[in-house]
Amino acid sequence: MVKKSIVLVLVLSMLVMLFAGCSDKPAEGGDPTMTDKPTQTEDPGQTEDPGEETAKLVGVTMPTKSLQRWNEDGANVKAALEKKGYKVDLQYADNKQDVQNSQIENQITMGCDVLVIASIDGGALGGVLKQAQDANIPVIAYDRLLTNTDKCDYYATFDNYGVGKMQGEFIESVLGLDQGAEGPFSLECFGGDPGDHNALLFNQGAMDVLQPYIDSGVLQVKSGQTKFPDQIAITNWESSGAQDRMDNLLTAYYGDSNIDVVLSPNDSLAQGIVSSLKSAGYGSDAKPFPILTGQDCDKINVGQIIRGEQSMSIFKDTRILADQVIAMTDAILAGEPVPTNASYNNGVIDVPSYNCEIKFADKNNWKELLIDSGYYSLSDIPDAQ
Ligand code: BGC
């Protein structure tokens with residue numbers, strides 16, 4: 001009898017141990033081969049069960065870790081894909097296209113089922129995209145279009161022309177240009193990296209609004225430099241490049257008058273522009289900060305908005321973009337219609353695309369847009385209370 005009970009207890013405790021072992025989730029930072037593998041989890045909200053099928057592998061390449069937005073994009077996409085049960089290889093390329101090309105080559109060799117690419121120079125991936133084509137791997141361009149290739153299956157992005165247009169309209173409205181204000185107001189224009197197709201669209205969108213006012217003399221560009229990319233592009237979107245150009249402009253053209261408006265396509269440039277303006281003494285009653293645009297709502301720039309150094313920044317909710325990429329990946333792999341609402345010509349083909357919605361943050365709405373929505377917490381933002 002005693003013997004029987006001991007055997008029973010032993011069998012029971014073995015069973016308990018077995019089940020406990022099965023349901024144990026790999027600890028964070030534990031064995032990556034474990035965490036990468038979608039398991040039967042107790043919490044279906046955490047990771048979807050891929051069923052009997054082996055988890056598909058998605059290769060994600062991001063341009064650089066040096067700008068806040070790409071770190072967030074990479075993390076969001078990875079987390080959202082993993083939540084759906086995919087395995088993910090995420091790489092950053094230090095803003096070097098040849099580095100990114102080798103990373104993609106590796107991902108092709110690894111047998112990735114889908115490639116998600118946020119390029120550096122969208123027209124310089126030719127060879128590696130040909131390899132993806134030969135291996136029959138679908139390619140989704142992420143945020144930045146892949147140009148001059150017939151191997152770009154889908155494109156998930158924000159309304160890039162709309163970004164520039166919104167920046168131009170912001171300037172138009174703050175100055176009251178659409179209400180007949182005659183100025184003249186001084187303006188200088190900056191552009192993004194010439195290899196990034198978005199930079200062209202941002203510029204087109206903004207200049208379509210501002211050019212008529214430049215032509216009529218209400219806006220005056222003292223440097224005369226408005227041509228993108230030749231005169232105003234900033235290589236690699238570097239803050240230091242924008243700071244140097246702003247220094248030169250202020251010295252050469254604004255020795256005896258203040259600048260009223262600076263069109264900056266994004267926040268990394270706006271950071272350099274603000275540094276330059278500060279060193280030139282802007283930020284006082286006699287020298288107020290000019291109207292300055294931006295894009296991405298980087299934390300540093302939200303701080304600049306709060307302190308009155310920058311006027312606005314376009315908010316691109318990267319969580320929505322990540323969700324869109326996941327919806328595209330799901331549909332592609334299931335052989336179902338892929339959700340699209342736009343089309344971009346990349347010089348060779350019309351790429352079926354999805355434009356996510358944009359908004360802008362300024363001193364009036366940043367809290368509602370960025371904090372109340374859960375995008376940032378208040379403690380993320382310098383000088384926020
Ligand atoms: C993105 C912007 C970003 C810029 C610099 C562009 O392609 O659309 O959001 O500010 O790259 O990283």
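Remember, it's 1-based here, ligands and their atoms both numbered in the order they're listed. Side chains are part of it too, since the values below use all heavy atoms of this structure and drop only hydrogens, waters and symmetry mates. All residue numbers refer to positions in the sequence shown, counting from 1.
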Give me each pair satisfying salt bridge (Lys or Arg N to Asp or Glu O under 4.0 Å) with a member in residues 236-257, each pair once, sequence neighbours excluded. none
Centroid separation Phe360 to Phe170 less than 6.0 Å: yes
Under the side-chain contact (heavy atoms from CB on, under 4.5 Å) rule, collect the residues that match up with Asn148, sequence neighbours excluded. none
Using salt bridge (Lys or Arg N to Asp or Glu O under 4.0 Å) as the criterion, point out the one residue from Asp143, Asp298, Asp267 that pairs with Arg69. Asp143
Would you please name every residue forming a side-chain contact (heavy atoms from CB on, under 4.5 Å) with Thr64, sequence neighbours left out? Ser66, Trp70, Asn95
Does the side chain of Ser257 come under 3.5 Å of the side chain of Lys222 through a donor N or O and an acceptor N or O? yes
Tell me which residues fall inside the under-4.0 Å heavy-atom shell around ligand 1. Leu67, Arg69, Trp70, Asp143, Arg144, Asp196, Asn198, Phe202, Trp237, Asn266, Gln295, Asp296, Lys316
